[in-house]
Amino acid sequence: NAGVTQTPKFRILKIGQSMTLQCTQDMNHNYMYWYRQDPGMGLKLIYYSVGAGITDKGEVPNGYNVSRSTTEDFPLRLELAAPSQTSVYFCASRKRDNEQFFGPGTRLTVL
Amino acid sequence: QKEVEQNSGPLSVPEGAIASLNCTYSDRVSQSFFWYRQYSGKSPELIMSIYSNGDKEDGRFTAQLNKASQYVSLLIRDSQPSDSATYLCAVNDYGGSQGNLIFGKGTKLSVKP
């Protein structure tokens with residue numbers, strides 16, 4: 001199993017541009033999550049999904065959108081990128097017992 | 001606002017010593033507790049989970065949980081330089097949505113050879 005995979009690893013965006021961060025898991029987990037991690041600030045939940053077709057907002061959803069058309073994929077969309085969205089983004093999935101497993105992350109810079 | 005508090009460190013210990021990492025949480029009804037290790041520039045890696053009061057041991061790692069005091073700790077015995085990382089404490093948001101996790105900001109551990 002590859003676990004949780006994310007693409008791209010790095011990206012630089014200009015202010016106002018849009019992009020989609022890809023996340024795929026092959027563990028057949030229903031629950032998936034998107035976090036952002038800023039230096040010294042811990043992990044903040046952006047969006048989560050409890051299964052295909054079901055998504056909900058986390059703590060910091062503004063400026064982001066998600067979709068979940070399949071169990072495996074949970075892309076995160078940034079519309080109109082802003083410097084405040086410069087961060088490291090992690091996707092995670094979890095088993096029923098709350099153990100979450102993280103992908104390798106995407107480092108995004110908005111200039 | 002539910003919170004998970006950790007001392008940011010850095011915590012510096014000599015090689016071979018015991019490293020003790022602490023975490024307190026505000027939500028009294030939380031049921032699941034986790035420790036993640038995060039090397040610089042890498043993603044968090046789950047190293048311990050604990051659900052019941054008391055100790056849970058896995059190799060050189062021991063997690064301790066005291067729900068009455070709302071306190072979780074991680075002990076690393078025989079610390080090695082390779083243990084140098086940031087350790088994140090996470091607690092499930094039991095009263096919130098679908099068992100989401102609330103993370104502390106992490107404690108940076110440095111093990112000196």
Side-chain angles (χ1 to χ4, degrees), chain A residues 2-7 9-10 21 23 25 27 29-51 53-61 66 68 74 87-109, chain B residues 1-10 21 23-27 29-52 56 58 61 63 65 72 85-108:
Chain A
V4 181
T5 58
Q6 292 182 240
T7 57
K9 286 186 169 57
F10 304 93
L21 282 67
C23 175
Q25 53 95 7
M27 297 175 283
H29 290 168
N30 283 326
Y31 299 85
M32 295 187 73
Y33 304 83
W34 274 106
Y35 293 91
R36 60 177 287 172
Q37 187 177 38
D38 300 315
M41 295 303 293
L43 288 158
K44 300 292 186 184
L45 182 64
I46 305 171
Y47 270 95
Y48 65 98
S49 169
V50 301
I54 306 170
T55 63
D56 207 347
K57 296 177 181 179
E59 184 181 358
V60 289
V66 294
R68 184 93 183 272
F74 189 39
S87 189
V88 181
Y89 292 85
F90 291 106
C91 178
S93 69
R94 80 164 170 98
K95 305 187 302 185
R96 292 178 60 85
D97 58 2
N98 289 336
E99 292 185 352
Q100 292 189 19
F101 300 92
F102 286 80
T106 295
R107 187 174 297 273
L108 175 68
T109 302
Chain B
Q1 180 80 0
K2 297 171 185 174
E3 292 183 331
V4 175
E5 299 284 347
Q6 296 181 254
N7 188 321
S8 62
L21 303 157
C23 170
T24 59
Y25 59 95
S26 63
D27 189 358
V29 298
S30 293
Q31 299 291 316
S32 308
F33 307 86
F34 307 91
W35 284 99
Y36 285 82
R37 177 177 62 200
Q38 187 174 25
Y39 292 114
S40 181
K42 301 295 185 182
S43 60
E45 173 193 8
L46 180 66
I47 55 172
M48 290 289 286
S49 56
I50 187 166
Y51 304 95
S52 304
K56 179 181 177 183
D58 184 0
F61 298 99
L65 174 60
V72 192
T86 296
Y87 290 80
L88 305 174
C89 174
V91 175
N92 83 300
D93 186 8
Y94 188 78
S97 303
Q98 306 297 331
N100 293 344
L101 296 182
I102 303 169
F103 285 84
K105 295 180 180 179
T107 298
K108 188 171 184 178

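Per chain, numbering begins at 1; letters A, B, ... match sequence-line order. Note that the structure is a prediction, hence the values are computed from the model and not measured.
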First locate atom [atom1] of [X], then atom [atom2] of [Y], and finally report the distance between them rounded to the nearest 0.5 Å.
{"X": "Phe102(A)", "Y": "Tyr36(B)", "atom1": "CZ", "atom2": "OH", "result": "5.0 Å"}
{"X": "Leu45(A)", "Y": "Asp93(B)", "atom1": "CG", "atom2": "CG", "result": "9.5 Å"}
{"X": "Asn100(B)", "Y": "Arg94(A)", "atom1": "CG", "atom2": "CZ", "result": "7.5 Å"}
{"X": "Gln37(A)", "Y": "Thr86(B)", "atom1": "CD", "atom2": "OG1", "result": "8.5 Å"}

Check your understanding: Is there a donor-acceptor pair closer than 3.5 Å between any side-chain N or O of Ser43(B) and the backbone N or O of Gly105(A)?
Key -> no
Point to revise | Side chain Tyr33(A), main chain Leu101(B), donor-acceptor under 3.5 Å | key: no
Check your understanding: Are any non-hydrogen side-chain atoms of Glu99(A) and Phe34(B) less than 4.5 angstrom apart?
Key -> yes
Review point. Looking at Phe90(A) and Gln38(B), what are the two nearest heavy atoms and their distance?
Key: CZ-NE2, 3.7 Å
Practice item. Could you look at Ser8(B) and say if it's the side chain, the backbone, both or neither that has a heavy atom under 4.5 Å from chain A? Key: neither
Practice item. Count the heavy atoms of every other residue, nucleotide or ligand shown that sit under 6.0 Å from CE of Met27(A), and state whether that count exceeds 12. Key: yes
